[in-house]
Visitor: 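Dropping the structure in here first, questions after.
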Amino acid sequence: APPFTLTVTGAGFVSQSTVQLNGQALSTTFVATNQLTATVPTAAIASAGSGNVSVVNPGPVNSNAVPLLINPAITFITQALPNAIVSTPY
């Protein structure tokens, strides 16, 4: 599967917030205090399985990890989270 852009919607994001997949920082773009986008590289989604998406903020408030199902044959991923939605149409 090719790399894709993951949109993270929530609250309290700042320009230094970073989206992580399985603890690895992704290239993250701050859109607004309620939205971030991140590039998920091909290597991170090459094999079927699951991963954990989280947001790291400077200071004491980080998000909980949320499971992300990975199926290279399916390229539409959506997860509903408390206080956030992680999704990407592809």
Visitor: So does Val19 get a backbone contact from the side chain of Thr28, meaning a donor-acceptor N/O pair under 3.5 Å?
Guide: yes
Visitor: Do the side chains of Phe30 and Val56 join up, straight or via other hydrophobic residues, at under 4.5 Å, putting them in one cluster?
Guide: no
Visitor: Are any non-hydrogen side-chain atoms of Leu26 and Pro41 less than 4.5 angstrom apart?
Guide: yes
Visitor: Please find the pair of heavy atoms, one from Ile45 and one from Pro2, that lie closest to each other, and give the distance.
Guide: CD1-O, 3.5 Å
Visitor: Have a look at Phe13 and tell me which of Val31, Val55, Thr18 forms a side chain to side chain contact (heavy atoms under 4.5 Å, CB included) with it.
Guide: Val55
Visitor: Quick check: does any side chain N or O of Asn34 sit under 3.5 Å from a backbone N or O of Ala11, one acting as donor and the other as acceptor?
Guide: no
Visitor: Give the minimum heavy-atom separation between Gly51 and Asn22, together with the two atoms involved.
Guide: CA-OD1, 3.1 Å
Visitor: For Asn52 and Ala65, which heavy atoms make the closest approach, and how far apart are they?
Guide: CB-CB, 3.9 Å
Visitor: To the nearest 0.5 Å, how far apart are CG in Asn64 and OG in Ser54?
Guide: 9.0 Å
Visitor: With rounding to the nearest 0.5 Å, note down the distance linking CG in Leu21 to OG1 in Thr39.
Guide: 12.0 Å
Visitor: Nearest 0.5 Å, please: how far is OG1 in Thr5 from CG in Leu36?
Guide: 12.5 Å
Visitor: Check Gln16 against Pro58 and note the closest heavy-atom contact, atom names and distance.
Guide: CB-CG, 3.8 Å
